[in-house]
Peer 1: 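Right, I'll just put the structure down here and ask away after.
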Amino acid sequence: MKKTDFFDRVYKVVAKIPKGKVTTYGAIAETCGIKSAARTVGWALNGMHENGLPCHRVVNRRGALTGKIHFGDVNLMEELLRSEGVEFDENECVIMDKYFWIPAKSVKIRKGKKRKQN
DNA sequence: AACGTGACTTATT
DNA sequence: GAATAAGCCACGT
């Protein structure tokens, strides 16, 4: 068991993201067993983004492409998602209601509580 | 070992 | 509703 086991889990989860869908850091973290490690998930991607991970399918909870900065080319990430059929709203956020996908299974994610929705 | 950083999230003001 | 604070985990120095 490597200390980077968390990275391996993130890798596996991100690699499982279907084309044309996106997920959130929190969902990945939760799937990895650590719900509150959303930051670490993004950090992990930064360490393995060169391993061929579709990190462009990973967005923050609002659907904003926060990782586009580290992705390399800011425009590239958006183009990739659009190329897969993902659409964005005026706020540059992915339409989560349609493209949000959960790594584990379509089980509960919001705990049934109403989201803040900024 | 301790402090600081970070592609986040939630709660409080 | 928007802005600010704190919490969270793992890694780097």
Side-chain angles (χ1 to χ4, degrees):
Chain A
M1 202 63 102
K2 306 179 300 188
K3 52 180 76 170
T4 57
D5 184 44
F6 182 82
F7 285 52
D8 186 39
R9 291 183 187 177
V10 174
Y11 179 91
K12 208 163 31 174
V13 174
V14 174
K16 281 157 68 175
I17 302 174
K19 181 173 129 193
K21 293 277 182 176
V22 295
T23 189
T24 68
Y25 299 95
I28 295 171
E30 185 177 12
T31 303
C32 292
I34 309 169
K35 179 181 174 233
S36 312
R39 303 185 84 155
T40 313
V41 173
W43 191 90
L45 264 61
N46 185 23
M48 67 169 85
H49 73 83
E50 295 179 350
N51 285 264
L53 281 155
C55 12
H56 58 273
R57 292 181 190 148
V58 183
V59 298
N60 69 352
R61 203 181 143 331
R62 282 173 38 194
L65 307 181
T66 49
K68 64 181 192 260
I69 302 165
H70 287 282
F71 192 81
D73 292 329
V74 180
N75 296 332
L76 180 62
M77 192 171 182
E78 183 179 337
E79 288 298 315
L80 286 170
L81 289 172
R82 287 175 182 262
S83 184
E84 294 182 353
V86 179
E87 296 178 282
F88 297 82
D89 62 7
E90 294 179 354
N91 289 323
E92 298 179 347
C93 295
V94 176
I95 302 173
M96 305 301 280
D97 294 338
K98 291 185 172 194
Y99 304 104
F100 180 62
W101 175 82
I102 300 171
K105 358 178 149 58
S106 304
V107 239
K108 52 122 208 240
I109 176 77
R110 291 296 161 232
K111 304 171 193 156
K113 289 175 88 165
K114 173 181 192 198
R115 20 197 149 56
K116 191 155 149 255
Q117 177 136 308
N118 189 358

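Lettering of chains follows the sequences in order, A, B, ..., and the numbering in each one begins at 1.
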Peer 1: Over how many whole Å does the gap from A:Asp8 atom CG to C:dC11 atom C1' extend?
Peer 2: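 From A:Asp8 CG to C:dC11 C1': 17 Å.
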
Peer 1: Can you tell me how far C1' of B:dC8 sits from CG of A:Leu45, to the nearest Å?
Peer 2: 12 Å

Peer 1: Could you list the residues that satisfy side-chain contact (heavy atoms from CB on, under 4.5 Å) with A:Lys12, not counting sequence neighbours?
Peer 2: A:Lys16

Peer 1: Over how many whole Å does the gap from A:Arg61 atom CZ to B:dC8 atom P extend?
Peer 2: 13 Å

Peer 1: Which nucleotide sits closest to the side chain of A:Thr40: B:dC8, B:dA7, C:dA10?
Peer 2: C:dA10

Peer 1: Can you list everything that forms a side-chain contact (heavy atoms from CB on, under 4.5 Å) with A:Lys19? Sequence neighbours excluded, please.
Peer 2: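 So A:Lys19 forms a side-chain contact (heavy atoms from CB on, under 4.5 Å) with A:Arg57, A:Glu84.
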
Peer 1: Round to a whole Å and report the spacing from CZ of A:Arg62 to P of B:dT10.
Peer 2: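 Rounded to whole Å, this separation is 13 Å.
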
Peer 1: Considering only residues two or more places apart or on different chains, which pairs with a residue in residues 10-30 of chain A satisfy ring-ring contact (aromatic ring centres under 6.0 Å, His included)?
Peer 2: none

Peer 1: Could you tell me which residues satisfy side chain to side chain donor-acceptor pair (under 3.5 Å) with A:Glu87, sequence neighbours excluded, listed by chain and number?
Peer 2: A:Tyr99

Peer 1: Can you name the atoms? Protein N/O to nucleotides 5-8 of chain C N/O, anything below 3.5 Å, with the distance.
Peer 2:
residue	atom	partner	partner atom	Å
C:dG7	O6	A:Arg39	NH1	2.5
C:dG7	N1	A:Arg39	NH1	3.4

Peer 1: Which nucleotide in the set C:dA10, C:dC11, B:dC8 lies at the smallest distance from any side-chain heavy atom of A:Trp43?
Peer 2: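 Taking heavy atoms from C-beta onward, the closest nucleotide is C:dC11.
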
Peer 1: Atom CG of A:Asn60 to atom P of B:dC8: distance rounded to whole Å?
Peer 2: 7 Å

Peer 1: Is it true that A:Trp43 and A:Phe7 have ring centroids separated by less than 6.0 Å?
Peer 2: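 Judged by ring-centre distance (under 6.0 Å), A:Trp43 and A:Phe7 do meet the cut-off.
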
Peer 1: Whole angstroms only, please: what is the CE-P distance between A:Met96 and B:dT9?
Peer 2: 9 Å

Peer 1: Go through the steps to decide whether A:Val22 and A:Ile17 satisfy the test side chain to side chain contact (heavy atoms under 4.5 Å, CB included), and finish with yes or no.
Peer 2: CA-CA 7 Å; A:Val22 295; A:Ile17 302 174; 5.9 Å; no

Peer 1: Mind calculating the distance between CG (A:Asn46) and P (C:dG12) to the nearest angstrom?
Peer 2: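 It works out to 11 Å between those atoms.
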
Peer 1: Return the value, rounded to whole Å, for the distance between atom CZ of A:Arg9 and atom P of C:dC9.
Peer 2: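 Distance check: A:Arg9 CZ to C:dC9 P gives 14 Å.
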
Peer 1: Any side-chain N or O of A:Thr66 less than 4.0 Å from the OP1 or OP2 oxygen of B:dC8?
Peer 2: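 Answer is yes, contact under 4.0 Å.
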
Peer 1: Taking only distance into account, with no hydrogens and no angle test, what donor-acceptor pairs under 3.5 Å do side-chain atoms of residues 72-82 of chain A form with protein atoms, sequence neighbours excluded?
Peer 2:
residue	atom	partner	partner atom	Å
A:Glu78	OE2	A:Arg82	NE	2.8
A:Glu78	OE2	A:Arg82	NH2	2.8

